[in-house]
Amino acid sequence: MGFKFIENILDKIADYLPDDEPATEQERIYEEAKQRIYEMHQKEESLFYADAAWIRGGKGKVYGETANGHFAAGDVVKMLDVQANLLMEGEILAIERVSDGSETLNEDAKKLYLIFDSMKIQGKEDFFARTYYVIKKH
């Protein structure tokens, strides 16, 4: 009698546990992408997560946060979508640090603007203007 009760409880708990296999193709793609991003985060020395990007005044500007390492003008980087697929490559023209309101500029600030020359990204504007992607050093 006691075993049947325990078996029923375990069956009910199992109903609420996630399946081992994704139910749809979209879920499978998402899970694989999540794994690639996690692995990249573990092994890459320099990563930047982009929040917003736009092209204005001859410059492409990306706002986001440094997750690992440091970025500098002249660094060649790869821009990846949220599934870690390559969108494009580019060279950082300049870095603008986000002011925290104090008079001193924090050189180790995590929030940055990465600036790219729009002439070098010409023809790739549709990729560049996407937001929510990852940038890593080449």
Side-chain angles (χ1 to χ4, degrees):
M1 174 85 177
F3 289 115
K4 187 68 172 164
F5 174 75
I6 292 172
E7 197 173 295
N8 286 338
I9 296 279
L10 291 175
D11 286 342
K12 288 184 182 192
I13 291 172
D15 289 341
Y16 291 98
L17 294 175
D19 295 334
D20 290 340
E21 294 295 318
T24 66
E25 179 68 9
Q26 186 176 2
E27 287 178 11
R28 184 190 64 76
I29 291 169
Y30 171 77
E31 289 299 322
E32 288 174 0
K34 190 167 70 170
Q35 183 64 29
R36 283 194 306 271
I37 294 289
Y38 174 78
E39 289 170 0
M40 184 174 47
H41 193 83
Q42 297 299 313
K43 71 178 184 176
E44 293 295 331
E45 293 181 16
S46 297
L47 280 178
F48 181 88
Y49 291 107
D51 292 328
W54 57 94
I55 298 174
R56 193 176 304 135
K59 294 183 178 154
K61 202 169 191 177
V62 179
Y63 172 76
E65 185 170 353
T66 304
N68 291 337
H70 298 280
F71 290 86
D75 284 348
V76 176
V77 297
K78 292 182 178 182
M79 297 178 194
L80 310 168
D81 66 13
V82 295
Q83 295 180 349
N85 298 314
L86 180 65
L87 294 173
M88 64 175 283
E89 294 183 14
E91 182 179 340
I92 298 173
L93 184 64
I95 303 274
E96 290 179 13
R97 304 206 184 284
V98 176
S99 172
D100 62 1
S102 66
E103 290 185 25
T104 60
L105 187 60
N106 184 357
E107 292 297 320
D108 293 326
K110 296 281 187 188
K111 292 286 189 176
L112 304 171
Y113 290 98
L114 302 180
I115 313 299
F116 296 87
D117 183 350
S118 68
M119 294 303 290
K120 293 184 179 177
I121 58 174
Q122 202 165 28
K124 300 176 184 174
E125 292 91 347
D126 56 333
F127 290 120
F128 187 82
R130 292 185 190 190
T131 56
Y132 309 110
Y133 52 86
V134 179
I135 296 177
K136 68 177 188 172
K137 282 191 186 176
H138 198 1

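Heads up: numbering here begins at 1 and tracks the sequence. This one's a predicted model, so the numbers in the text were calculated from it and none came from an experiment.
In this structure, CZ on F48 lies 8.0 Å from CD1 on I92, to the nearest 0.5 angstrom. The distance from the CE atom of M88 to the CE atom of M79 is 4.5 Å, given to the nearest 0.5 Å. Within the model, atoms CG of L93 and NZ of K61 stand 11.5 Å from one another, a figure rounded to the nearest 0.5 Å. Interatomic distance, CD of E32 versus CD of E27, reported as 12.5 Å (0.5 Å rounding).
Between A67 and Y49, the shortest heavy-atom distance links the atoms CB-CE1, 3.2 Å. Of all non-hydrogen atoms in S46 and G69, the two that sit nearest each other are OG-CA, 3.7 Å. Listed here is the closest heavy atom pair of A53 and V62: CB-CG2, 4.1 Å. Considering every non-hydrogen atom in both L80 and M40, the closest pair reads CD1-SD, 3.4 Å.
Identified under the salt bridge (Lys or Arg N to Asp or Glu O under 4.0 Å) test for residues 62-75, with sequence neighbours left out: E65-K111, D75-K137.
Ring geometry for W54 versus Y113: interplanar angle over 60°, hence perpendicular rather than tilted (30 to 60°).
Take E91 and apply the side-chain hydrogen bond (donor to acceptor under 3.5 Å, both in side chains) test, not counting sequence neighbours, and it matches no residue. Partners of E39 by salt bridge (charged side-chain N to carboxylate O under 4.0 Å, His left out), not counting sequence neighbours: none found. Take A73 and apply the side-chain contact (heavy atoms from CB on, under 4.5 Å) test, not counting sequence neighbours, and it matches no residue. With sequence neighbours excluded, the residues forming a side-chain contact (heavy atoms from CB on, under 4.5 Å) with A33 are R36, Q83, listed by chain and number.
Comment: K34 engages E31 in a salt bridge, judged by a side-chain N to carboxylate O separation of less than 4.0 angstrom.
The cluster map of Ile, Leu, Val, Met, Phe, Trp and Tyr, joined by side-chain heavy atoms under 4.5 Å apart, puts I29 and L86 in different clusters.
Atom CD of Q42 has more than 12 neighbouring heavy atoms from other residues, nucleotides or ligands inside a 6.0 Å radius.
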Worksheet item: Taking it one step at a time, do I55 and F116 satisfy side chain to side chain contact (heavy atoms under 4.5 Å, CB included)?
Response: CA-CA 9 Å; I55 298 174; F116 296 87; over 6 Å; no

Discussion item. Evaluate R97 against I95 for side chain to side chain contact (heavy atoms under 4.5 Å, CB included), listing each step before the verdict.
Written reply: CA-CA 6 Å; R97 304 206 184 284; I95 303 274; 3.8 Å; yes

